[in-house]
Participant: 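Dumping the structure here so I can ask a few things about it.
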Amino acid sequence: MKILVCVTSVPDTITKITLTDNNTKLNKAGVQFITGPYDDYALSRAVELKEQLGGTVTVLNVGESDADPVIRKCLAIGADDAIRVNAEPTDAYFVAEQIAAIAKENSYDLILMGRESIDYNGGQVHGIVGEMLGLPSISPVMKLAIDGSTAKITREIEGGHEELEAGLPLVLGCQEPIAEWKIPNMRGIMSARTKPLKVVEPTGKDTLTHIANYELPPARGACKMIPASEAETLIKLLRTEAKVI
Amino acid sequence: MSVLIFAELDEGALKKSSLEAIYYGSKVAALTGTSATAIVLGEGKADELAKAGRFGATKVLHASDAQLNEGNAMAYASVVAEAANQEGADVIVLAKSSLADSMAARLAGKLKAGLAANVIELPDVSSGFRVKRSIFTGKAFAFTELTAEKKILAIKKNTITPEETEATATVEAFKPALNDTDFAVKVTNVEKASGDILLPEADLVVSAGRGLKGPENWGIVEDLAKALHAATACSKPVSDLDWRPHHEHVGQTGIKISPNLYMACGISGAIQHLAGVNSSKVIVVINKDPEAPFFKSADYGIVGDVFEVLPRLTKAVQEL
Ligand SMILES: Cc1cc2nc3c(=O)[nH]c(=O)nc-3n(C[C@H](O)[C@H](O)[C@H](O)COP(=O)(O)OP(=O)(O)OC[C@H]3O[C@@H](n4cnc5c(N)ncnc54)[C@H](O)[C@@H]3O)c2cc1C
């Protein structure tokens, strides 16, 4: 089983977003970067499958050198090697092009990634990669089992889930509870230092979207407190004041 | 040229979010001086197709092949791409959903289209084509230029309030070429709560967290939801603990919702939770801890015990 896991390097989920340069840039000062939480699920499942079935797990990131700590952590969790396409991940189409180019060079049985990156929430890279490679893509995947050359998949839908079967190779966008997040241990961290991280230059430069500037949401007004002893008042206010019920 | 709207059927009826997308699409068409065409896939009732006209479509393309009854992202993307080419549509609009999201991603690959997800306003077409979209799960917005010839806009719920008119649409049968490779993924089983209000579509949501202490206590949450005709939701630990099904989990790593009313009961208001719900119009927080961070992001708050407050609220709703 040859697995490619595509990961993003994103601001920690507890980050308070602030802007600089006249609201044209996100302020990275003091921001801690982590592996995309959905990508982390994908990686954890990939490592489990490798332990079960043998094979290799390669981590791929499209990003600049500031993503290296995130890549090393993926290696510490159990990936065997890593590739970084040395470019700013400007938009989904561009990132998908890079992933597809790497995938064409090395035939993988599974290409896993998170259902979406938690920064831009696009959720499109798996689908575009699938199109570019002529492979099925499925997202969001909550369970994945491999039976010979067939994948058995549970995909979340509104109000429930569906069970799917498809032949490998496949491109999957993953989410919980596909696996438990893995925490690197000391041995993993030591060995990650010497595992190969290959840096390659990008191919193509198709970007189809461009962010002109950013805005932060307006603060909510003050919270109107209602004493618990008059809880019923809330329902009245929701009808007459907020007009939502 | 035209604006093409991907309108989704659910058990033969147009989804509410799709009516919003049709209305939005008709406004984009008006802005760009063209007309709005809706594409509907799978068998659907005639009066449902006509509804698209009342929400702003001047034409409905109906691909009624029974093979398309089951939502299949790959086949749907091929059909929508064919329709977009036939209609010369440069802008494709859809409402976010588990099917539409997967379809849109494939479509972006097929058409080499710029895709903006979580769009929350009508585009600015005064110079170029610029949309406002929600990023960082609602923690910020990005004004994004779509520079490719083809553009796909995936709109978030409550982006626009649709107005129904008496207008009618012409319905045309659409017979796309279906290819086997698009049916390579087999659906072996579907499990879906029936009759319930689906969380992403719901206008009102009652949500509960670890403060409920255990799954056996969800009756008081469900009673309030039922009285309000609301959907139920939960925090991540609640679904991690299997107290509630995973598809109810909202937040940064769960479902992102933007209902008219979000009522959070026994939820502390961690930043990851807020991220998934902060674009709700009105937020109510019920928590016994006056210091719970959620109160800072709420419009109405009650400091109190959910076990006492929720039954009283249910009764008050029933007496409305
Ligand atoms: C990477 C990452 C991603 C995450 N993604 C998400 C996500 O998508 N969604 C999400 O929800 N969380 C997410 N979390 C978890 C998040 O940080 C919080 O741990 C979680 O939201 C807390 O859930 P809770 O409010 O139900 O529980 P708690 O934080 O335990 O809060 C329970 C609340 O109930 C109140 N309470 C207790 N008893 C009563 C009572 N009788 N009456 C009234 N109030 C009572 C307490 O005062 C407390 O405020 C994520 C965490 C990480 C690290």
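So that the names make sense, note that chain A is the first sequence line, chain B the second, and so on, each numbered from 1.
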Participant: I need the Ile146(A) CD1 to Ile153(A) CD1 distance, nearest 0.5 Å.
Facilitator: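 These two atoms lie 7.0 Å from each other.
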
Participant: Below 4.5 Å from any heavy atom of chain B, which atoms of Ser117(A) appear? Answer side chain, backbone, both or neither.
Facilitator: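 Neither part.
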
Participant: So which part of Ala92(A) gets closer than 4.5 Å to some heavy atom of chain B, the side chain, the backbone, both or neither?
Facilitator: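 It is neither, since no heavy atom gets under 4.5 Å.
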
Participant: Return yes when atom NZ of Lys143(A) has more than 12 non-hydrogen atoms of other residues, nucleotides or ligands closer than 6.0 Å, and no otherwise.
Facilitator: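 No, the 6.0 Å shell around NZ holds no more than 12 heavy atoms from other groups.
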
Participant: Counting only non-hydrogen atoms closer than 4.5 Å, does Val131(B) touch chain A with its backbone (N, CA, C, O), its side chain (CB onward), both, or neither?
Facilitator: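 For Val131(B), there is no contact with chain A at all, as no heavy atom is under 4.5 Å.
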
Participant: Output the option from Thr209(A), Asn213(A), Val125(A) having the highest count of non-hydrogen pairs under 4.5 Å with chain B.
Facilitator: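 Heavy-atom pair counts peak at Asn213(A).
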
Participant: Which atoms of Pro136(A) come close to chain B, meaning under 4.5 Å heavy atom to heavy atom: side chain ones, backbone ones, both, or neither?
Facilitator: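 Backbone plus side chain of Pro136(A), per the 4.5 Å heavy-atom cut-off to chain B.
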
Participant: Any salt bridge linking Lys205(A) with Glu97(A)? Criterion: basic side-chain nitrogen under 4.0 Å from a carboxylate oxygen.
Facilitator: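 No salt bridge links Lys205(A) with Glu97(A).
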
Participant: Mark yes or no: Lys132(B) above the aromatic ring of Phe141(B), with NZ or CZ under 6.0 Å from the six-membered ring centre and no more than 45 degrees from the axis.
Facilitator: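 Pair Lys132(B)/Phe141(B) counts as cation-pi.
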
Participant: For Glu241(A), does the CD atom have more than 12 heavy-atom neighbours from other residues, nucleotides or ligands under 6.0 Å away?
Facilitator: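 Yes, the 6.0 Å shell around CD holds more than 12 heavy atoms from other groups.
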
Participant: So which of Gly114(A), Pro227(A), Pro217(A) has the biggest tally of heavy-atom pairs under 4.5 Å with chain B?
Facilitator: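 Most heavy-atom pairs under 4.5 Å with chain B: Pro217(A).
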
Participant: Regarding Lys157(B) and Asp203(B), does a basic nitrogen lie under 4.0 Å from an acidic carboxylate oxygen?
Facilitator: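 Yes.
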
Participant: Shortest non-hydrogen contact from Ala101(A) to Thr203(A)?
Facilitator: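 Scanning both residues, the minimum pair turns out to be CB-OG1, 3.7 Å.
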
Participant: Tell me, side chain or backbone of Leu237(A) under 4.5 Å from chain B's heavy atoms, or both, or neither?
Facilitator: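 The answer is both parts of Leu237(A).
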
Participant: Please state whether the side chain, the backbone, both or neither of Lys150(B) comes within less than 4.5 Å of a heavy atom of chain A.
Facilitator: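 Contact with chain A: none, neither part.
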
Participant: Who among Tyr41(A), Tyr38(A), Tyr214(A) has the most heavy-atom pairs with chain B under 4.5 Å?
Facilitator: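 Max contact count across the listed options: Tyr38(A).
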
Participant: Is Leu199(B) in contact with chain A via its backbone, its side chain, both, or neither, using a 4.5 Å heavy-atom distance?
Facilitator: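 Answer is neither: Leu199(B) stays 4.5 Å or more from chain A.
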
Participant: For Ile138(A), which atoms come within 4.5 Å of any heavy atom of chain B: side chain, backbone, both, or neither?
Facilitator: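 Side chain of Ile138(A) only, per the 4.5 Å heavy-atom cut-off to chain B.
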
Participant: Give, as side chain, backbone, both or neither, the part of Lys151(B) having an atom under 4.5 angstrom from any heavy atom of chain A.
Facilitator: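 Neither part.
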
Participant: Side chain from CB out, backbone as N, CA, C, O: work out which of these in Tyr93(A) comes under 4.5 Å of a heavy atom of chain B, or both, or neither.
Facilitator: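 For Tyr93(A), side-chain heavy atoms alone lie under 4.5 Å from chain B.
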
